[in-house]
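This one's a predicted model, so the numbers in the text were calculated from it and none came from an experiment.
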Amino acid sequence: AVRPAPIASGLGPDPERYAVIVGLSLYRSPWPGWRDGLSFESKETLSLFANSLAVPEENTLLLQDELAGQTDIEEALAQWLPKRIKKDSIVFFHYAGQTVADPKNGEVFLIPYDATPASSPFRLISIRFLQSRLQKLGVKLAVAILDSPTTVRALAKDGKTKSAAPNWIGDLDGSYPAKAGAMVQVARLAGTRGSQQGLLQGLTG
């Protein structure tokens, strides 16, 4: 694979930078419209991280398609990262796949390979869970990049209640302790498509 031209950042690979990349270009039980908005390219994404965010490839965990089930993602956050990072580390979590929002409160859930928008919340990964795991790492900085279109589940067919808008904020309300480290979350605006190159250029100034 030929890497795209490096983004001028003045950075070389930093051994204290780590990345978990979750990319879904298929699902175990596809549903109508499951391809809409997906933009994951594994080789391109790995190259972009190495070139623009100074994450060594050996510090990058790629969870793709059938290797991006609920258990795989949760283990990456609860085991793979904690075993490697230090308090001065910088961690990037990149999710490129489908998400679903609860129509009652707008809570957003990542849809792993082995789930669908209709799955129980216990088979999905909530934004709150993701934020909690990244904050508990206690690293210098954790960055969550969510490149994902969102489906809002249907309410009961009584037509009396309007669905809540997707809520990407989760627990990012300033209440978590400072000792947990700083966290930044970036999500795609509804109805837009942007290149990963452009997103990473923005993150690096």
Side-chain angles (χ1 to χ4, degrees), residues 1 19-49 61-78 92-134 143-172 185-200 202:
V20 173
I21 301 175
V22 181
L24 290 153
S25 56
L26 58 88
Y27 280 87
R28 185 171 68 185
S29 302
W31 61 90
W34 69 272
R35 284 191 180 94
D36 296 346
L38 293 181
S39 60
F40 181 73
E41 294 289 344
S42 61
K43 292 180 180 178
E44 177 187 2
T45 302
L46 284 171
S47 296
L48 286 173
F49 267 92
L61 176 64
L62 173 63
L63 301 177
Q64 184 178 5
D65 298 336
E66 65 272 11
L67 298 180
Q70 178 188 16
T71 300
D72 300 309
I73 298 172
E74 291 180 349
E75 286 183 351
L77 293 167
F92 298 94
F93 178 89
H94 183 282
Y95 175 81
Q98 296 286 358
T99 56
V100 63
D102 187 308
K104 296 180 180 179
N105 58 18
E107 182 174 10
V108 176
F109 297 84
L110 310 184
I111 305 178
Y113 168 78
D114 49 356
T116 72
S119 295
S120 161
F122 296 105
R123 295 185 57 197
L124 304 171
I125 298 174
S126 71
I127 293 297
R128 287 186 295 168
F129 173 83
L130 171 62
Q131 292 173 354
S132 173
R133 283 297 178 183
L134 291 177
V143 180
I145 304 168
L146 308 176
D147 182 12
S148 175
T150 305
T151 300
V152 179
R153 291 188 183 187
L155 285 167
K157 298 181 180 180
D158 56 14
K160 297 180 180 179
T161 307
K162 185 178 180 180
S163 297
N167 176 11
W168 293 92
I169 302 301
D171 291 338
L172 286 182
Q185 179 174 294
V186 182
R188 184 198 300 179
L189 288 173
T192 65
R193 289 181 62 87
S195 70
Q196 293 170 335
Q197 181 95 13
L199 171 63
L200 297 177

Student: Go through Leu67 and Tyr113 one step at a time and tell me if the side-chain contact (heavy atoms from CB on, under 4.5 Å) criterion holds.
Tutor: CA-CA 8 Å; Leu67 298 180; Tyr113 168 78; over 6 Å; no
Student: Shortest non-hydrogen contact from Asp65 to Ser25?
Tutor: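 Closest approach of Asp65 to Ser25: OD1-N, 2.7 Å.
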Student: Taking all heavy atoms of Gly106 and all of Ala164, pick out the closest pair and write down the distance.
Tutor: N-CB, 3.6 Å
Student: How close do Ser148 and Gly97 get, heavy atom to heavy atom, and via which atoms?
Tutor: OG-O, 2.5 Å
Student: Could you tell me the separation between the CZ atom of Arg28 and the CG atom of Asp114, rounded to the nearest 0.5 Å?
Tutor: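 The distance works out to 5.0 Å.
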Student: Going from CG on Leu24 to CZ on Arg35, what distance comes out if it is rounded to the nearest 0.5 angstrom?
Tutor: 13.5 Å
Student: Taking it one step at a time, do Gln185 and Ile127 satisfy side-chain contact (heavy atoms from CB on, under 4.5 Å)?
Tutor: CA-CA 10 Å; Gln185 179 174 294; Ile127 293 297; 3.8 Å; yes
Student: Hey, are the side chains of Leu63 and Ile73 touching, using non-hydrogen atoms and a 4.5 Å cut-off?
Tutor: yes
Student: Counting distance only, does the side-chain N/O of Gln98 pair as donor-acceptor with the main-chain N or O of Pro117 below 3.5 Å?
Tutor: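 Between the backbone of Pro117 and the side chain of Gln98 there is no qualifying donor-acceptor contact (under 3.5 Å).
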Student: Can you list everything that forms a side-chain hydrogen bond (donor to acceptor under 3.5 Å, both in side chains) with Asp102? Sequence neighbours excluded, please.
Tutor: none
Student: When rounded to the nearest 0.5 angstrom, what is the spacing between CG in Leu26 and CD in Gln64?
Tutor: 8.0 Å
Student: Which atoms form the tightest heavy-atom contact between Ala76 and Val20, and what is the distance?
Tutor: CB-CG1, 4.1 Å
Student: Search all heavy atoms of Gln70 against all heavy atoms of Ile125 and return the closest pair with its distance.
Tutor: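 Shortest heavy-atom separation between Gln70 and Ile125 comes out as O-CD1, 4.1 Å.
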Student: By side-chain contact (heavy atoms from CB on, under 4.5 Å), which residues pair with Ala115, not counting sequence neighbours?
Tutor: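 If we apply the side-chain contact (heavy atoms from CB on, under 4.5 Å) test to Ala115, skipping adjacent residues, the hits are Ile111, Pro112, Ser119, Leu124.
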Student: Hey, could you give me the OG1/OH distance between Thr116 and Tyr27, rounded to the nearest 0.5 Å?
Tutor: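 Taking OG1 in Thr116 and OH in Tyr27, the distance rounds to 10.0 Å.
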Student: Within this structure, what is the OH-CD1 distance for the pair Tyr95 and Ile21, rounded to the nearest 0.5 Å?
Tutor: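 These two atoms lie 14.5 Å from each other.
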Student: I want to check something: taking the side chain as every heavy atom from C-beta on, are Ser126 and Glu107 in contact at a cut-off of under 4.5 Å?
Tutor: yes
Student: Are the side chains of Val108 and Leu146 in touch, meaning some heavy atoms are under 4.5 Å apart?
Tutor: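 Heavy-atom side-chain distance check fails, nothing below 4.5 Å.
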